[in-house]
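Beneath this line is the structure, given in structure tokens, with notes to follow.
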Amino acid sequence: MSAFSRLRLDGVSRRFGGQAALTELDLTIEAGEFIALLGPSGCGKSTALNCLAGLLPLTAGSIWQDERRIDTLPPERRGFGMVFQSYALFPHLTVRANIAFGLRMRRLPKEETRRRTAEALRLVRLEEHVDKLPGQLSGGQQQRVAIARAVVFEPSLVLMDEPLSNLDAKLRLEMRTEIRRLHQSLGLTTVYVTHDQEEALSLADRLVVLREGRVQQVGSPRELHTRPANWHVADFMGYRNLWRGRVTRVDDAVVTAESAGQRLLGEAVGDLRTGAEAVLAVRPEDIRVDGAGETRNALSATVEVVEYQGRELAAEARTDTGLLLHLRTERRIAPGDQVKLAVDPRRLLVYPDGPAHRPEDQGATR
Amino acid sequence: MSAFSRLRLDGVSRRFGGQAALTELDLTIEAGEFIALLGPSGCGKSTALNCLAGLLPLTAGSIWQDERRIDTLPPERRGFGMVFQSYALFPHLTVRANIAFGLRMRRLPKEETRRRTAEALRLVRLEEHVDKLPGQLSGGQQQRVAIARAVVFEPSLVLMDEPLSNLDAKLRLEMRTEIRRLHQSLGLTTVYVTHDQEEALSLADRLVVLREGRVQQVGSPRELHTRPANWHVADFMGYRNLWRGRVTRVDDAVVTAESAGQRLLGEAVGDLRTGAEAVLAVRPEDIRVDGAGETRNALSATVEVVEYQGRELAAEARTDTGLLLHLRTERRIAPGDQVKLAVDPRRLLVYPDGPAHRPEDQGATR
Amino acid sequence: VGCGAPEAPGQTSGDTTGEVPQRPGKPVTLNVLDVAGNLQLTQGMIDEFVAKNPEVISRVTYSKAPAPELAGKIKAQQGANRVDIGLVLTGVDGLAAGIEQGLWIDLLPTFQDRLGGMRDYLEPAAAMQRLAGNAGVTVTYYPSGPLLEYLPSRLATPPTSADALLAWAKANPRRFQYARPANSGPGRTFLMGLPYILGDTNPKDPTSGWDKTWAFLKELGQYVDYYPSGTTETMKNLANGTARLIVSTTGWDINPRVLGTVPKEARIATIDGFHWVTDAHYAVLPKGVSTDTQAAVLALLAFMLTPEQQAKAYDEGYFYPGPAVQGVQLSSAPQKSQDAIREFGRPEYDALIAGHPTEVPLDAKSLVAAFSRWDREIGGGKVKQG
Amino acid sequence: MSGAGPDRPLAHWRHRLAERGVDRQLWLLVPALVFVVALFVYPFCYGLTLSFQPTNGGPFSDYARFFSDAYERGTIWITLRIALPAALLNVLAAVPIAYRMRGRFRGKRLVTTVLVVPITLGTVLTAQGLLNFLGPTGWFNRILLATHLVDEPVRLTHNYWGVFFSLVITGFPFAFLLVLSYLSGIDPTLERAAATLGADWRRRFTQVTLPLLMPGLATTFCLTFVLAFSVFPSAVLVGNPAGETRVISLAAYQAAYERYDYPYASAIAMIMGFVELVIIAVVLAARSRFYTGSTGGKG
Amino acid sequence: MATTTEAPPIRPPDTTRRRRRIAARPAAWIVWGVVVFFFLNLLGVVASVLVSSFGQSWFDTWLPDGYTTSWYARAWDEFALLSVIVVTLEVSVLVVGLSLLIGVPAAYALARRSFPGKRLVFLVFLLPILMPPITYGIPLATVLYKFGLAGNMSGVVLANLVPSVPFVILTMTPFIEQIDPRIESAARMCGAGLRTVFLRVLTPLLVPGILAAAILVLVRTVGMFELTFLTAGPDSQTLVVALYYSMSASGIRAQQSVDAMAVIYTSMMLVLLVVALRYVNPTQLVAQVKDEPEH
Ligand SMILES: Nc1ncnc2c1ncn2[C@@H]1O[C@H](COP(=O)(O)OP(=O)(O)OP(=O)(O)O)[C@@H](O)[C@H]1O
Ligand SMILES: Nc1ncnc2c1ncn2[C@@H]1O[C@H](COP(=O)(O)OP(=O)(O)OP(=O)(O)O)[C@@H](O)[C@H]1O
Ligand SMILES: [Mg+2]
Ligand SMILES: [Mg+2]
């Protein structure tokens with residue numbers, strides 16, 4: 001299967017009946033990149049991946065591999081590898097036969113097939129399990145078979161659809177490292193679908209955030225982490241504190257906004273004018289509890305709920321004016337404690353809020 | 001359904017054919033407690049819960065509610081509520097009917113049923129969706145219906161079997177808070193099954209860690225977090241660095257052990273003598289990267305893999321003697337960097353290791 | 001509890017053994033089971049009796065079934081001592097099966113005097129009655145066949161001797177047809193009639209006395225395409241031209257033309273020196289019916305054997321002529337019946353019936369043996385060639 | 001351990017039984033079991049013992065009689081020769097059609113209904129229809145003659161083919177319904193996975209779907225085969241009951257209802273059941289060689 | 001599809017879709033071709049009976065000479081078909097109902113539990129389907145007569161239940177296996193006893209499966225001659241008895257009247273089937289499919 005230097009999605013769209021699952025996806029993937037598609041459930045991630053794989057015909061747009069149009073090719077002729085969310089291992093074939101399947105389909109010589117299968121088995125450390133059926137493997141082992149099967153024929157592009165979602169926390173962590181290692185050691189190009197932002201951040205070179213079938217933001221993990229393009233993305237990227245408010249003052253990028261009677265300084269993301277409705281976003285870990293000496297964005301609040309999370313505590317606190325804050329701290333606090341909180345204005349992002357895009361169940365209503 | 005002041009499991013065991021799924025579980029649950037059952041997949045968590053619920057007959061042991069033996073009662077006569085992993089909502093009934101089901105079974109007066117259903121609906125904030133079928137709800141909404149259904153008839157005990165495992169990270173976080181709130185506001189007694197240690201830590205008053213059907217440790221979240229009883233529990237509780245080694249010196253609780261040519265000081269958990277085989281355990285976040293000035297447990301290593309995880313980085317580093325370390329840091333490091341690492345001896349736990357209990361795929365072999 | 005036969009004695013369903021009164025103590029409900037198609041001829045008689053004698057039979061129900069399953073049903077009822085079938089109308093086969101299994105009450109000679117009509121049987125009907133032994137009472141009779149049937153438009157001169165038939169079949173392969181004897185009245189009659197035509201040593205012994213017949217059938221079989229599984233189909237084939245010459249009986253000649261399955265202009269031919277192989281329907285009573293029912297059925301049978309009632313047996317030529325007793329004229333039959341026979345009947349039948357000897361059919365055992373041999377050697381033999 | 005004295009042995013038993021999977025819910029089996037034992041097993045035992053009590057000869061003489069007579073013995077072969085290919089064809093024809101019926105498309109409901117409707121035809125209508133339609137002057141031959149495809153009518157009734165067609169018409173809907181349900185139990189993702197691995201549709205089918213479908217096909221084959229093996233009315237009506245379609249149930253029928261030799265009939269029926277069991281055992285043994293676990297599609 | 005290698009001009013989106021369909025055709029063509037051929041012939045088979053049953057006389061021609069309904073009238077009168085059909089309906093409804101009532105719980109136990117002797121139980125349920133009624137029909141009828149249960153409707157119903165109950169069990173088991181057992185557990189945790197679980201939760205969910213089993217049982221019951229005949233009384237004959245009589249009785253019977261009977265029989269079955277299908281989508285008869293995208 002010919003390698004490529006660039007894969008281009010051009011207005012790729014897919015509708016189901018009347019409903020649009022994916023709208024106008026434009027994306028260029030360079031060879032060797034690790035791209036993560038990220039977004040909440042039902043946002044069209046799997047749809048995008050299936051379109052790319054050829055499992056789902058497009059309803060508009062085209063896909064180009066260098067100068068060759070490939071969206072009309074059936075999946076077996078695109079030469080991409082795919083790891084399915086549920087692994088989709090062939091239950092009637094042994095581990096070895098599962099991995100060799102793609103090579104057999106390409107009618108490689110027996111010897112070559114054996115050699116490459118053995119290599120892939122070694123790569124995913126399953127040498128001891130070659131003759132088992134998938135049903136006899138643990139989840140993590142199945143996972144590795146699925147990955148080996150997808151990469152053994154050295155596809156020009158590997159697609160992974162939430163490959164880790166079925167694993168427990170410990171295994172998930174281990175597999176993540178494994179996938180990254182494979183990507184690097186085999187020099188693959190990978191498109192990875194997940195709804196777990198931490199996973200996406202830790203794995204990908206570039207992230208694509210989708211919402212309701214539309215791209216919200218494309219960028220590096222750091223960009224997405226520190227500067228989500230709109231409050232939906234922020235919400236998804238772990239900005240658990242989202243408050244609705246109103247802009248009271250604009251100084252270049254620094255805006256002052258008021259939410260639930262609390263005046264807060266923050267950094268504007270997008271076009272904001274005085275008087276505009278806004279959404280203020282801040283991560284729980286960016287709210288400092290030892291904010292007694294702070295002058296800017298200082299809040300005094302009462303702790304309401306505390307959750308033990310190992311090293312840190314997660315807590316909910318309410319300011320005197322009624323603003324609810326989620327925060328994380330290593331300080332030992334207990335419900336009922338009065339605390340002085342502070343937020344670094346550079347960590348508090350202020351987004352414009354149209355009446356059409358209300359944060360549902362969020363913000364000051366809580 | 002009569003409330004109780006104490007529920008006692010006495011040697012509860014369950015075998016399937018020849019295989020033991022749960023062995024000799026002894027546990028006393030006080031009214032109002034929030035207990036989490038924790039352990040890797042297949043360790044017997046669901047089995048324990050189902051035995052408690054009466055959905056699975058015991059093969060040995062007994063269950064006592066105060067002075068009353070209840071393990072011979074069918075589930076519908078124990079009066080416990082249960083939230084199932086996959087929600088198990090009745091797909092043919094509306095949200096309202098699903099929630100009212102338990103009240104209808106108890107033949108409460110119509111008026112009372114309506115009132116309590118409405119109250120439960122309010123509690124889980126689903127007033128707008130009363131007439132939908134479960135298939136028309138999002139995962140998080142289904143979750144809330146399942147919880148409302150389980151608590152609406154004010155059961156003396158609520159059992160929850162991995163209720164959050166199907167949700168995405170953001171929703172999971174929100175639901176966790178919700179469950180804790182319900183537990184407190186309704187004064188429930190809750191037994192909660194999960195394989196996610198963070199979830200267990202943040203929710204429960206007491207944790208029960210199972211492994212292969214046997215209790216490994218019972219304790220408060222803090223006990224489990226800081227002092228796992230054996231290295232299996234440690235492994236499960238996030239001590240990602242597990243190294244096999246040998247004890248070279250014992251000073252009361254402080255032992256010196258050698259692993260892959262590296263001498264390390266740590267705290268002994270369990271009976272250790274000089275020369276004994278041991279497993280050393282430390283959390284990634286307990287390895288400090290700015291350890292240049294440290295004298296005890298100082299390690300110099302080369303960074304091999306780095307993963308961006310938002311605020312922090314997760315990295316793998318290898319010491320000059322070949323020991324592989326997983327660490328987390330806020331410092332910006334890159335593959336190839338030489339780093340000085342240090343581990344607080346109080347944070348490095350040393351466990352005895354019998355040849356029968358090898359950590360598989362772990363430790364110095366990597 | 002072992003796995004023994006479920007025929008342990010149970011309670012009786014009414015008095016079944018004692019003296020049979022002249023009239024039932026109270027009116028009975030009579031269940032009639034017809035396995036021979038006899039009700040077509042006799043239902044009118046029974047209905048009339050019930051209408052006239054409500055104090056004997058208050059209600060009558062009819063059920064119909066194919067003959068072979070009859071014995072099983074009666075056996076099951078008798079095994080449980082709950083016989084609810086009062087009267088069975090059957091052909092030779094069902095009668096014989098029941099006799100062999102001991103299912104029927106011996107009506108004769110005990111009740112001979114109550115059935116006066118039996119004294120007036122036509123001679124061949126009387127012969128059929130002798131065949132039935134003591135269990136059955138002949139209610140209708142016909143001389144049957146064997147006859148040949150053809151359409152004059154397709155076949156000008158039919159063969160009239162056995163040799164000619166063979167020669168014709170050879171000259172016109174696949175054009176001669178008769179149905180599998182086990183499934184077909186005409187087929188069966190043809191089979192039983194051949195020994196008389198060919199002059200076999202013992203026409204009553206198919207195993208050792210039918211050498212010529214079996215040889216003839218075998219040779220004839222070479223020119224037969226296939227043996228349909230019912231007479232209806234041979235009739236259909238005659239009508240549509242697939243077959244030119246088929247085997248028939250008096251009833252199968254007249255009735256299908258009345259019904260329109262065969263063109264009206266079809267003709268019959270006979271083979272020189274043939275004997276009629278007669279057929280009859282019998283009334284029998286299963287063992288285990290109450291004496292009241294027995295009394296009622298005897299009264300009914302006596303009524304049915306009167307000439308006025310027997311005239312109904314002409315029907316539409318279904319069992320031509322039909323009546324079993326002497327002196328029954330067509331003119332006393334229902335008008336519809338008379339019209340049908342006038343239009344579709346054949347004047348030559350009277351002469352043929354008078355001019356050829358009649359023979360009773362084979363007894364049941366021999367007949368089954370003949371079927372079996374036919375199946376093995378003639379019907380089954382076809383396979384290996386084709 | 002406290003005060004549970006009288007409970008002990010009872011609880012002990014309950015525990016022992018629970019471990020083996022015996023508990024209260026098995027009461028649900030009781031009505032059906034009682035029913036089948038009372039109304040089937042007992043009469044069936046009677047038939048079985050009857051077959052060992054022939055009218056003359058020792059207990060096995062009826063069996064010996066059957067096997068020593070080539071004409072009778074041959075019915076087994078004849079029946080197999082009809083039933084096996086018919087069952088096989090029904091199952092094999094159902095596969096591609098059911099395969100096409102997966103997924104969603106317009107008119108699916110109509111097509112499925114049409115495919116299921118022949119269930120209602122019944123043996124008699126099928127037989128009459130075949131005689132009328134395929135007979136020498138039936139429409140089928142008329143069309144062939146009119147289009148000069150043949151000079152002589154083709155004979156498709158009163159022989160092997162007549163019975164065969166009737167078995168196909170009555171057996172296919174059953175097979176189709178069953179195959180469709182088994183097929184839809186296979187996770188379609190597996191085939192998609194095969195596609196991404198470079199398998200074209202033919203190899204997707206032969207390498208993935210078919211092996212997974214095999215157990216279902218085996219079960220379907222067994223049920224269709226049982227239906228075909230007990231073929232009786234159509235063997236008489238559209239076949240050649242004296243010769244090439246003298247099936248074993250016809251032999252049993254003749255013994256029971258023409259010769260009234262019930263012991264012999266029972267013996268034949270037992271042989272018939274035994275042959276069926278043997279075939280089914282063979283098929284099920286073959287089935288167990290295939291992968292039989294979950295195929296992903298079912299709950 | 002080879003043309004796709006050249007850089008193509010921008011095409012309207014549906015072009016690709018149309019091409020896809022054409023590509024899928026050859027295999028589909030063959031399959032649908034065979035299906036259509038099969039159904040044309042089946043149509044011929046059915047139509048020839050239908051036409052014949054209305055034909056006055058039909059010799060060597062494409063169609064009958066004339067048309068009449070007299071064959072139906074004859075059959076109707078001769079067998080008192082109205083009451084026979086009523087009896088048939090009653091019997092089939094009873095058999096279907098009872099066999100579901102007895103069979104579904106047993107299927108449930110077989111689907112959900114594994115216990116020692118399960119294979120034996122399975123064999124016991126398989127045998128009535130394997131064994132021809134000759135082997136057990138007569139002793140069964142005797143037993144029923146002995147307890148006064150035969151010779152009327154109850155006998156016919158009981159005898160027909162013998163093969164029907166196992167049939168329900170065998171067809172229902174996979175359907176029950178598909179229902180998540182946790183839904184039942186949930187109901188029990190809400191305080192529902194086993195009976196309530198069956199009535200309130202399982203039954204509504206099993207409706208498609210129950211209807212499938214019901215249809216198949218119905219077809220088998222209406223078509224079951226031997227057991228029905230052996231246990232029927234004069235007032236409890238079903239249609240199939242009349243049909244078998246008309247087909248295989250000795251004596252003369254016009255081909256058309258057999259055809260008419262067969263048509264009556266089939267129409268009744270068809271009506272029952274269509275009524276049943278009105279309430280259930282036949283595609284629901286099978287497992288819930290993870291729908292494949294449309295191709
Ligand atoms: N076959 C289909 N028919 C109709 N709608 C569909 C189909 N497949 C997907 N959809 C709809 O398209 C939208 C996008 O679905 P998709 O599977 O791409 O979501 P996703 O981002 O992968 O979500 P998840 O994280 O839950 O897997 C959803 O609203 C879904 O309901
Ligand atoms: N019905 C059963 N028959 C046989 N073995 C069973 C059965 N149910 C559970 N087991 C076995 O018992 C053990 C414990 O199962 P259990 O479901 O309690 O695990 P768990 O801790 O809930 O795991 P998970 O996190 O994957 O849900 C497993 O090894 C499992 O294979
Ligand atoms: Mg998805
Ligand atoms: Mg579990």
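All values reported here derive from a predicted model rather than from experimental measurement. Order of the sequence lines sets the chain letters (A, B, ...), proteins ahead of strands, with each chain counted from 1.
With a threshold of 4.5 angstrom between heavy atoms, Leu50(D) does not approach chain E through any atom at all. Of the atoms belonging to Val219(E), it is side-chain heavy atoms, and not backbone ones, that fall under 4.5 Å from chain D. Residue Trp27(D): no heavy atom, backbone or side chain, is found under 4.5 Å from chain E. Heavy atoms of Val226(D) lying under 4.5 Å from chain E belong exclusively to its side chain. Interface remark: Pro166(E) contributes side-chain atoms only to the contact with chain D (heavy atom separation under 4.5 Å). For Arg220(E), the part sitting under 4.5 Å from any heavy atom of chain D is the side chain, from C-beta outward, and nothing else. When heavy atoms are compared at a cutoff of 4.5 Å, Phe39(E) approaches chain D solely by way of its side chain, counted from C-beta outward. For Phe147(E), no part sits under 4.5 Å from any heavy atom of chain D, backbone or side chain. Looking at Val114(D), both its backbone and its side chain come within 4.5 Å of chain E, counting heavy atoms on both sides. Using a 4.5 Å cut-off between heavy atoms, Tyr262(D) touches chain E through its side chain atoms alone. With a 4.5 Å cut-off on non-hydrogen atoms, Leu237(D) touches chain E through its side chain but not through its backbone. Residue Thr123(D) touches chain E through its side chain alone, counting heavy-atom pairs closer than 4.5 Å. Contact of Ile248(D) with chain E is not made at all, since no heavy-atom distance falls under 4.5 Å. Only the side chain of Leu243(E) comes within less than 4.5 Å of a heavy atom in chain D; its backbone stays farther off. Contacts between Ala47(E) and chain D at a heavy-atom distance below 4.5 Å involve backbone atoms as well as side-chain atoms. Ile169(E) touches chain D through its side chain: at least one heavy atom from C-beta onward sits under 4.5 Å away, while N, CA, C and O do not.
Taking the centre of each ring, Tyr136(E) and Tyr46(D) stay at or above the 6.0 Å mark.
In this structure, Phe125(E) and Leu29(D) have side chains that are in contact, with non-hydrogen atoms separated by less than 4.5 Å. The shortest distance between side-chain heavy atoms of Val34(E) and Ile97(D) does not fall below 4.5 Å. In this structure the side chain of Val124(E) never reaches within 4.5 angstrom of the side chain of Phe40(D), judged on heavy atoms. Put simply, the side chain of Leu125(D) does not reach to within 4.5 Å of the side chain of Tyr265(E), judged on heavy atoms. Here the side chains of Gln128(D) and Val258(E) are in contact, with some heavy-atom distance below 4.5 Å. No side-chain heavy atom of Val165(E) sits under 4.5 Å from any side-chain heavy atom of Leu39(D).
Identified under the side-chain hydrogen bond (donor to acceptor under 3.5 Å, both in side chains) test for residues 222-238 of chain D, with sequence neighbours left out: Ser166(D)-Ser234(D).
Options Val37(D), Leu115(D), Ile169(D), Leu28(D) differ in how many heavy-atom pairs under 4.5 Å they form with chain E, and the most are formed by Leu28(D). Ranked by heavy-atom pairs under 4.5 Å with chain E, the list Pro31(D), Ser266(D), Ala32(D) is led by Ala32(D). The candidate with the highest count of non-hydrogen atom pairs below 4.5 Å against chain E, out of Tyr99(D), Phe165(D), Phe172(D), Phe35(D), is Phe35(D). Ranked by heavy-atom pairs under 4.5 Å with chain D, the list Gly103(E), Gly223(E), Pro128(E), Ala262(E) is led by Pro128(E). The candidate with the highest count of non-hydrogen atom pairs below 4.5 Å against chain D, out of Val104(E), Ile102(E), Leu218(E), Val222(E), is Ile102(E).
Residues passing the ring-ring contact (aromatic ring centres under 6.0 Å, His included) test with Phe133(D), sequence neighbours excluded: Phe140(D).
Here the side chain of Thr266(E) pairs a donor or acceptor atom with the backbone of Leu121(D) at under 3.5 angstrom.
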Check the pair Phe225(E) / Val124(D) against side-chain contact (heavy atoms from CB on, under 4.5 Å), numbers first and verdict last.
CA-CA 12 Å; Phe225(E) 170 74; Val124(D) 176; over 6 Å; no
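A side-chain contact (heavy atoms from CB on, under 4.5 Å) with Pro96(D) holds for exactly one of Val35(E), Val31(E), Ile30(E); it is Val31(E).
In this structure, the separation between CE on Met131(E) and CE on Met272(D) is 8.5 Å, given to the nearest 0.5 Å. Summarising the geometry, atom CZ belonging to Phe44(D) is positioned 5.5 Å from atom CG belonging to Leu127(E); distances are rounded to the nearest 0.5 Å. To the nearest 0.5 Å, the span separating CD1 on Ile129(E) from SG on Cys222(D) amounts to 12.0 Å. Note that CZ of Arg112(E) is 13.5 Å distant from CG of Leu26(D), once rounded to the nearest 0.5 Å.
For the pair Arg142(D) and Trp62(E), the cation-pi criterion (under 6.0 Å, within 45° of the ring axis) is fulfilled.
Heavy atoms of other residues, nucleotides or ligands lying less than 6.0 angstrom from CZ of Phe122(E) number 12 at most.
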